[in-house]
Amino acid sequence: MKLLTVLINYKTADMTLDSLAAFLASMEGEGDFGVIVVDNHSEDGSFARIAAEVEKRGWSPRVRVIETPRNGGFAYGVNAGVYSDYAKAERPEHFYLLNSDAFPSRGSVRVLLDFLRDHPSVGIAGSYIHGDGGVADTHVTAFRFPSLLAEVEGGLRLGFVSAALASKRVSIFPVPSEPTRVDWLAGA
């Protein structure tokens, strides 16, 4: 399998199903991928609801739903998906981590996969993320590691100091419009 998507749910069954539908639509025409929906011990009926909808909509066996024994947070849920029997059996080349409140646009995942294929030394790739307002609602997702100068800039927030230390800020803004090396990415 080329791509395994790990979609985390915690008490957001309807939104998770919408996110899953958006992801599957974004992958239309792509063949070699699977999805693990991890219910992070919601205890609100989410697991049963999502599992039933996956069957009802005919998304199985490409989409599998698992439940964790406790809510250990996002990373815990991701690890449960990455180390699930499905992931072990299929041995994916890439993982795509998807929040239940993220809705990939058509072709967006293909762009990331192509980038990773064309740049084999890259371990993680992130994409442009925005809210319902589109460009006007751009989310900052690219960051530098914190430093002493970044803390000074963040603490002072003075025009001339911020201008002088712009390259030291933790958040990279404006959001890069070209592929850019960053220290870390916000997960979505």
Side-chain angles (χ1 to χ4, degrees), residues 1-69 71-117 124-142 175 185-188:
M1 172 186 332
K2 292 211 182 284
L3 175 72
L4 179 63
T5 295
V6 180
L7 173 56
I8 307 301
N9 176 74
Y10 182 70
K11 298 185 179 187
T12 57
D14 290 334
M15 189 169 19
T16 297
L17 288 165
D18 290 345
S19 177
L20 178 57
F23 170 77
L24 292 172
S26 80
M27 295 298 287
E28 191 172 314
E30 303 289 336
D32 201 9
F33 72 93
V35 180
I36 293 277
V37 178
V38 179
D39 181 70
N40 225 357
H41 201 64
S42 296
E43 295 187 298
D44 67 349
S46 288
F47 172 74
R49 172 145 164 51
I50 294 168
E53 281 296 312
V54 164
E55 288 300 321
K56 179 180 168 186
R57 297 184 192 191
W59 293 338
S60 180
R62 181 181 296 263
V63 177
R64 300 197 185 164
V65 185
I66 64 172
E67 184 177 32
T68 60
N71 177 17
F74 182 78
Y76 175 82
V78 166
N79 284 332
V82 166
Y83 293 109
S84 69
D85 290 340
Y86 186 33
K88 287 177 191 173
E90 296 292 327
R91 304 200 68 147
E93 292 176 34
H94 302 285
F95 290 94
Y96 181 68
L97 309 182
L98 185 59
N99 288 358
S100 62
D101 63 348
F103 310 95
S105 58
R106 196 170 300 274
S108 61
V109 178
R110 169 53 46 205
V111 171
L112 289 172
L113 287 172
D114 289 346
F115 182 83
L116 290 170
R117 184 197 67 231
I124 298 174
S127 60
Y128 170 71
I129 299 174
H130 62 83
D132 292 338
V135 175
D137 194 11
T138 298
H139 294 214
V140 176
T141 60
V175 173
L185 298 165

Taking the side chain from [X] and the backbone from [Y], do they hold a donor-acceptor pair closer than 3.5 Å?
X    : Y    : result
S108 : P104 : no
S42  : K11  : yes
H94  : L3   : no
N40  : G73  : yes
R62  : V35  : no

Heavy-atom side-chain contact between [X] and [Y] under 4.5 Å:
X   : Y   : answer
E93 : D32 : no
N71 : E43 : no
W59 : V65 : no
F95 : T5  : no

Option among V63, L7, V37, T12 that satisfies the side-chain contact (heavy atoms from CB on, under 4.5 Å) test with I50: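 Option passing the side-chain contact (heavy atoms from CB on, under 4.5 Å) with I50: V37.
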Scan V38, N79, I36 and name whichever one has a side-chain contact (heavy atoms from CB on, under 4.5 Å) with S84.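 So the option named by the test is I36.
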Value rounded to 0.5 Å, distance of [atom1] in [X] from [atom2] in [Y]:
X    : Y    : atom1 : atom2 : value
R57  : L24  : CZ    : CG    : 9.5 Å
L97  : I8   : CG    : CD1   : 7.5 Å
L98  : S19  : CG    : OG    : 3.5 Å
H41  : E67  : NE2   : CD    : 6.5 Å
S127 : L112 : OG    : CG    : 5.0 Å
Y10  : M15  : OH    : CE    : 13.5 Å

Check ring pair (Phe, Tyr, Trp, His ring centres under 6.0 Å) between F103 and all other residues, then give those that pass, not counting sequence neighbours.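 F103 satisfies ring pair (Phe, Tyr, Trp, His ring centres under 6.0 Å) with no residue once adjacent residues are dropped.
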By ring pair (Phe, Tyr, Trp, His ring centres under 6.0 Å) - contacts of Y76 (at least two apart):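 Testing Y76 for ring pair (Phe, Tyr, Trp, His ring centres under 6.0 Å), a comparison that skips the adjacent residues, returns none.
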Looking only at heavy atoms, what is the nearest atom pair of G77 and V6, with distance?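 Closest approach of G77 to V6, heavy atoms only: O-CG1, 4.3 Å.
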Can you give me the closest heavy-atom contact between K88 and R91, atom names plus distance?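 Smallest heavy-atom distance, with atoms named: O-CG, 3.2 Å.
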According to salt bridge (Lys or Arg N to Asp or Glu O under 4.0 Å), who are the partners of D44, at least two apart in sequence or on a separate chain?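 Applying salt bridge (Lys or Arg N to Asp or Glu O under 4.0 Å) to D44 gives none.
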Show your working on side chain to side chain contact (heavy atoms under 4.5 Å, CB included) between L185 and I124 and close with a plain yes or no. CA-CA 9 Å; L185 298 165; I124 298 174; 3.7 Å; yes
Determine whether the aromatic ring centres of residues F23 and Y96 are separated by less than 6.0 angstrom.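 Yes.
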Are any of the side-chain nitrogens in D85 or R64 under 4.0 Å away from the carboxylate oxygens of its partner?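 Looking at D85 and R64, the cut-off is not met.
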For N9 and S100, does a side-chain donor sit closer than 3.5 Å to a side-chain acceptor?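 N9 vs S100: no donor-acceptor pair found between side chains.
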